[in-house]
Visitor: 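Just dropping this structure here.
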Amino acid sequence: MSAGQEPGAAGPGDGAVRGPAARRMLVGARLRGLRERAGLSRERAGYAIRGSASKISRMELGRTSFARRDIADLLTLYGLPGGAEREELLRLAREANERAWWHRHGELIPAWTHRFLDLEETAREVRAYEPCQIPELLQTEEYTRASLAIRDGIREGGRRIEIDERAAVRRLRRRLFADDPGRTLTAVLDEAALRRHVGGPELIRDQLAHLAALAGTGRVELRIVPVGGRALPLPHGFSILSFAGGALPDVVYLEFLTTALYLDKPADVTAYAGAWDRLAAAALPPDAGRDLITDLLKRL
């Protein structure tokens with residue numbers, strides 16, 4: 001919420017919020033603002049919708065779907081029996097229950113990534129750190145398929161349909177990013193990820209050329225931590241998603257082999273933002289990073 005903005009009021013950038021998960025977070029934040037403005041506890045709000053304080057908490061955090069009756073009853077309780085703001089929130093709550101663009105692939109992509117796909121689509125700025133591989137938004141199709149096969153232990157003739165579906169989702173993510181000129185990506189990656197010949201020399205040559213081309217677009221900035229540097233890479237990658245107009249809080253996303261974490265508490269976000277800043281400071285300047293990529297291409 002921006003400075004001077006009344007709790008529960010429409011925030012700047014609300015119209016740019018896309019995807020069910022992002023809309024749930026937005027509706028939840030505005031419901032929380034209205035409840036606090038009305039001076040009501042979560043227990044009182046929960047009683048009004050035949051629920052509990054924990055249900056109100058889940059709703060305000062955007063971690064559950066919304067029943068229209070619940071939203072309508074809460075808005076009446078919070079002093080919005082009618083008017084444009086009530087109708088807008090009811091509309092947003094309805095849209096938050098709609099299927100996302102990735103839904104037809106949902107059975108073959110990990111369930112813990114579903115929320116991330118929505119949030120990434122809405123984020124205006126993505127800061128990504130990758131110690132082991134090329135960031136997913138910057139991968140070529142061939143690199144994506146090779147990395148998926150390696151990570152999942154899938155070989156030729158194995159579960160090809162799963163690779164096809166996951167590769168399709170990454171392809172759509174890259175298209176959504178490319179089609180929205182207002183979004184930016186700053187990636188810090190370890191030099192070792194560039195030297196790891198995923199899929200063989202020809203494939204990595206195409207991937208490096210793709211990185212070099214993207215780095216010159218103005219929307220993508222690459223910061224490469226050199227192998228011989230003093231920085232100690234973190235053992236896991238993470239992404240920090242930031243949203244326009246303060247409509248949503250920054251979210252840190254960490255993906256593991258069988259689950260993922262979404263961190264939005266200020267202390268957690270601050271800690272990861274600080275780690276990202278330190279890694280970026282230890283990285284080569286963007287021009288030197290492009291020179292490194294060019295040199296690696298010449299050696300292949």
Side-chain angles (χ1 to χ4, degrees), residues 1-3 5 7 11-13 17 19 21-22 24-26 28-29 32-33 36 54 57-64 110-138 151 173 177 183-193 219-227 229-286 289:
M1 187 178 301
S2 58
Q5 180 182 325
V17 175
R24 285 196 298 270
M25 289 177 64
L26 176 60
R32 182 176 65 250
E36 292 175 347
S54 61
S57 179
R58 291 194 302 273
M59 292 175 68
E60 291 181 352
L61 291 171
R63 294 177 182 172
T64 186
W112 58 84
T113 67
H114 294 177
R115 184 182 173 202
F116 172 73
L117 297 175
D118 285 343
L119 295 177
E120 184 187 63
E121 181 187 2
T122 293
R124 295 288 88 190
E125 177 189 4
V126 178
R127 286 171 284 172
Y129 167 66
E130 284 289 354
C132 299
Q133 68 170 356
I134 306 301
E136 292 176 1
L137 285 178
L138 305 181
R151 175 168 178 166
R173 288 168 57 196
F177 178 79
R183 299 172 65 193
T184 61
L185 168 65
T186 306
V188 176
L189 60 156
D190 197 86
E191 181 184 346
R219 294 179 55 203
V220 174
E221 180 178 304
L222 293 179
R223 305 295 300 270
I224 301 170
V225 179
V227 169
R230 295 183 178 180
L232 180 63
L234 293 180
H236 57 268
F238 61 89
S239 296
I240 304 174
L241 309 178
S242 300
F243 306 90
L248 298 173
D250 286 2
V251 175
V252 177
Y253 175 73
L254 300 93
E255 184 175 342
F256 305 102
L257 187 61
T258 59
T259 190
L261 292 177
Y262 296 83
L263 308 176
D264 57 10
K265 292 182 179 179
D268 293 332
V269 174
T270 297
Y272 273 92
W276 193 92
D277 287 342
R278 289 190 292 275
L279 289 163
L284 298 171

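No experiment lies behind these values; they were computed from the predicted model shown.
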Visitor: Answer yes or no: is there a donor N or O on one side and an acceptor on the other, between the side chain of R183 and the main chain of A123, under 3.5 Å?
Guide: yes
Visitor: What are the two closest non-hydrogen atoms of A193 and I134, and how far apart are they?
Guide: O-CD1, 4.2 Å
Visitor: Between F238 and W276, is any pair of side-chain heavy atoms under 4.5 Å apart?
Guide: yes
Visitor: Where do A283 and P226 come nearest, in terms of heavy atoms and distance?
Guide: CA-CD, 4.3 Å
Visitor: State whether the side chain of R127 and the backbone N or O of I240 hold a donor-acceptor pair below 3.5 Å, judged by distance alone.
Guide: no
Visitor: Against V220, only a single residue in L138, T184, T186 fulfils side chain to side chain contact (heavy atoms under 4.5 Å, CB included); can you say which?
Guide: L138
Visitor: What are the two closest heavy atoms between W112 and A260, and how far apart are they?
Guide: CD1-CB, 3.5 Å
Visitor: Distance under 6.0 Å and angle within 45° of the ring axis: does R219 meet both against F177?
Guide: yes
Visitor: If you look at every heavy atom in R124 and A244, which pair is closest and at what distance?
Guide: CG-CB, 3.1 Å
Visitor: What are the two closest non-hydrogen atoms of L119 and A21, and how far apart are they?
Guide: CD2-C, 4.4 Å
Visitor: Treating E191 as the side-chain partner and V227 as the backbone partner, does any N or O pair qualify as donor plus acceptor under 3.5 Å?
Guide: yes
Visitor: Would you find a donor on one side and an acceptor on the other, under 3.5 Å apart, between the side chain of Y129 and the backbone of L234?
Guide: yes
